[in-house]
Number of protein chains: 2
Amino acid sequence: MDISPNAIPDVVVRRLPIYARSLSYLAEEGVRSVSSQELGERIGVTAAQIRKDLSYFGEFGKQGIGYNVEYLLGHIRRILGLHEVWPVVLVGVGPLGQAIARYEGFRTRGIDIIGVFDNDSSKIGLQLGRNTVQPDSDLPKILQEHNIRLAIVAVPAVRAQEVVDVLVQNGVQGILNYAPIVVQTPDNVWVRHIDPVALLHSMTYYLSREDEHHAMNEH
Amino acid sequence: MDISPNAIPDVVVRRLPIYARSLSYLAEEGVRSVSSQELGERIGVTAAQIRKDLSYFGEFGKQGIGYNVEYLLGHIRRILGLHEVWPVVLVGVGPLGQAIARYEGFRTRGIDIIGVFDNDSSKIGLQLGRNTVQPDSDLPKILQEHNIRLAIVAVPAVRAQEVVDVLVQNGVQGILNYAPIVVQTPDNVWVRHIDPVALLHSMTYYLSREDEHHAMNEH
DNA sequence: TGGTGTGAAACACTTCACAGCA
DNA sequence: TGCTGTGAAGTGTTTCACACCA
């Protein structure tokens with residue numbers, strides 16, 4: 001999915017949920033007010049970055065004081081569309097899919113998994129959290145009936161593209177893809193990707209460099 | 001962890017594992033040679049980007065031909081330090097941790113989970129893949145004995161910081177954090193973060209905008 | 001006083017466009 | 001001919017630094 005000119009930069013959009021997450025912890029702790037400095041330290045981001053990011057959306061702070069936690073959190077939630085609950089489907093019920101289906105953190109943050117699907121008939125009927133596993137063949141019906149726009153894909157890499165095709169054909173516009181493959185979609189569909197191995201590999205890069213460094217310093 | 005000046009940009013380092021992944025699929029398919037154009041189409045990246053990225057590390061292609069798949073893959077693996085197998089520990093054996101422990105995709109890509117830990121005594125002794133769950137109290141010993149430099153954290157948010165502190169105190173320099181919280185570490189430690197909910201929220205942002213857009217266009 | 005909001009400057013990253021080569 | 005490797009140009013992102021305000 002591409003960004004139209006004059007739109008908010010995607011980097012900013014990706015940071016907003018982190019701000020929201022941190023603000024909700026602050027709210028739970030009973031903190032009323034927070035400065036960009038304090039929030040930045042929690043999140044590992046500069047104060048200027050936070051102020052600049054927020055300035056795309058309005059003026060939420062008070063000079064000399066900072067930001068009211070509840071007020072800013074409410075605004076960010078609304079900006080992200082989280083004043084509504086988003087129904088999503090999950091496809092793929094291997095160990096990872098089961099963990100996702102059982103995780104409470106989706107529902108508490110505005111994401112409601114309303115259906116879980118697998119093509120393995122031995123899994124159909126399995127109860128996972130509030131959901132019962134349904135066959136993939138029921139996907140189109142459910143997607144359309146509930147007007148689903150978001151989906152989580154946790155199938156093996158070889159199946160990911162076909163599953164994504166079905167999702168997109170039935171109106172899904174945002175996909176969280178756990179399969180270690182880049183899926184092809186029309187450019188009005190958003191895809192975010194989770195590949196823990198790739199993330200680890202990006203760290204092994206630096207750790208190997210460090211070795212060499214030390215070796216060099218020893219001479 | 002910060003980047004020293006003149007170093008390879010971190011964005012580039014993060015793309016290398018994606019290139020490696022795609023190249024290994026090509027190799028499995030028996031493809032011998034690939035152009036930056038073809039590889040880019042698979043990955044959703046421009047050809048120029050790939051050529052530029054690779055040029056940080058050397059010259060791996062042949063004019064008029066493209067890249068030899070095996071040769072380039074070998075080089076990228078070496079650049080990422082993947083000519084060695086990296087032993088890692090996993091802390092946290094809830095449903096997610098269990099899925100991680102059982103996932104075969106780590107070992108096949110150079111990441112070997114050599115220990116899994118939890119502080120819940122009812123889980124100690126549980127067999128997960130090739131590992132048996134050990135108590136957190138054994139962490140320091142194992143980290144030091146095996147010279148572990150990478151860890152995966154899959155504990156609840158409230159426990160993440162204390163776990164990370166123990167890891168760092170015992171020599172861990174790279175952490176893959178599944179807990180929905182930004183952990184504090186010394187700046188010689190790398191942290192990568194996985195928060196599926198935050199990724200979904202960054203998509204609900206765009207999907208909400210689209211609604212408004214349509215509403216606007218209807219007038 | 002202590003903090004925000006924001007243009008402008010600095011920096012980082014991507015894309016272009018083409019020389020050069022098999 | 002068809003593709004790489006790469007300076008230079010273009011674009012995007014972050015940081016600076018300060019006017020402004022409760």
Side-chain angles (χ1 to χ4, degrees), chain A residues 1-16 18-19 23 26 31-73 75-76 79 187 202 205, chain B residues 1-16 18-19 22-23 26 31-73 75-76 79 187 202 205-206:
Chain A
M1 182 82 199
D2 293 331
I3 310 281
S4 52
N6 283 338
I8 312 293
D10 188 54
V11 264
V12 175
V13 174
R14 284 164 167 270
R15 276 192 296 264
L16 289 182
I18 309 303
Y19 298 166
L23 287 166
L26 286 168
V31 176
R32 292 291 182 80
S33 172
V34 70
S35 67
S36 57
Q37 182 68 38
E38 292 162 338
L39 187 58
E41 277 163 15
R42 291 214 169 209
I43 298 178
V45 151
T46 65
Q49 174 103 264
I50 290 176
R51 295 203 304 278
K52 187 65 145 183
D53 285 355
L54 296 178
S55 77
Y56 283 105
F57 302 98
E59 306 192 359
F60 306 111
K62 282 208 171 64
Q63 281 110 330
I65 306 287
Y67 300 89
N68 177 289
V69 171
E70 292 284 1
Y71 177 79
L72 179 56
L73 177 56
H75 268 285
I76 294 180
I79 291 165
D187 67 1
S202 72
Y205 170 81
Chain B
M1 182 82 198
D2 291 330
I3 310 281
S4 52
N6 283 337
I8 312 292
D10 188 54
V11 263
V12 175
V13 173
R14 284 164 168 269
R15 275 192 297 263
L16 289 182
I18 308 303
Y19 298 165
S22 194
L23 287 166
L26 285 169
V31 176
R32 292 289 183 79
S33 173
V34 69
S35 67
S36 57
Q37 182 68 38
E38 292 162 338
L39 187 59
E41 278 164 13
R42 291 216 170 208
I43 298 178
V45 151
T46 65
Q49 176 113 84
I50 289 176
R51 295 203 302 277
K52 187 66 144 185
D53 285 355
L54 296 178
S55 77
Y56 283 105
F57 302 98
E59 306 192 358
F60 306 111
K62 281 208 173 62
Q63 283 110 330
I65 307 286
Y67 301 89
N68 178 288
V69 170
E70 291 285 2
Y71 178 78
L72 180 55
L73 177 55
H75 268 286
I76 295 180
I79 291 165
D187 67 2
S202 73
Y205 170 81
Y206 294 106

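Chain A is the first sequence line, chain B the second, and so forth, proteins listed ahead of strands; every chain is numbered from 1. Here the structure is a predicted model, which means the values were calculated and not measured. Because only heavy atoms are used, hydrogens play no part in the values below, and waters and symmetry mates are left out as well, while side chains stay in.
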(request) Indicate the atoms forming the closest heavy-atom contact of Ser35(B) with Glu38(B), along with that distance. (result) N-OE1, 2.9 Å
(request) Would you grab the first and last nucleotide of DNA chain D (5' to 3') that comes under 4.0 Å of any non-hydrogen atom in chain B? (result) dG2(D) to dA8(D)
(request) Calculate the interatomic distance between Gln49(A) atom CD and dA12(C) atom C1'; express it in whole Å. (result) 13 Å
(request) Any chance you could measure Arg51(B), atom CZ, to Gln37(B), atom CD, to the nearest 0.5 Å? (result) 8.5 Å
(request) Report the distance from atom CG of Asp53(A) to atom P of dT6(C), rounded to the nearest whole Å. (result) 13 Å
Tabulate protein N/O versus nucleotide N/O from nucleotides 18-22 of chain C, keeping only pairs under 3.5 Å, one per line.
{"unit_1": "dC21(C)", "atom_1": "O4'", "unit_2": "Gln63(B)", "atom_2": "NE2", "d": "3.3"}

(message) Once rounded to the nearest 0.5 Å, what's the spacing between atom NE2 of His75(A) and atom CG of Asn68(A)?
(response) 10.0 Å
(message) side chain to side chain contact (heavy atoms under 4.5 Å, CB included) for Asp10(A) and Tyr206(B)? Distances and angles first, verdict last.
(response) CA-CA 10 Å; Asp10(A) 188 54; Tyr206(B) 294 106; 2.5 Å; yes
(request) Looking only at non-hydrogen atoms, find the nearest pair between Val12(A) and Phe57(A) and report the distance. (result) CG1-CE1, 4.1 Å
(message) Against Ser22(B), only a single residue in Leu39(B), Leu73(B), Val45(B), Val34(B) fulfils side-chain contact (heavy atoms from CB on, under 4.5 Å); can you say which?
(response) Leu39(B)
(message) Using whole Å, what does the distance between atom P of nucleotide dC13(C) and atom CD1 of Ile50(B) come to?
(response) 18 Å
(request) State, to 0.1 Å, how close Tyr205(B) and Ile79(A) come at their nearest heavy-atom pair, and which atoms those are. (result) CD1-O, 3.3 Å
(message) Nearest 0.5 Å, please: how far is CD in Gln49(A) from CG in Leu54(A)?
(response) 10.0 Å
(message) Can you list, in residue-number order, the parts of residues 34-48 of chain A that come under 4.0 Å of DNA chain C, counting heavy atoms only?
(response) Ser35(A), Ser36(A)
(message) So which atom in Ser202(B) and which in Arg14(A) form the shortest heavy-atom distance, rounded to 0.1 Å?
(response) CB-CA, 4.2 Å
(request) Give, for atom CG of Leu16(A) and atom CD1 of Ile50(A), the distance between the pair rounded to the nearest 0.5 Å. (result) 11.0 Å
(request) Select from Tyr56(A) and Glu59(B) the residue whose nearest nucleotide in DNA chain D is closer to the 5' end of that strand. (result) Glu59(B)
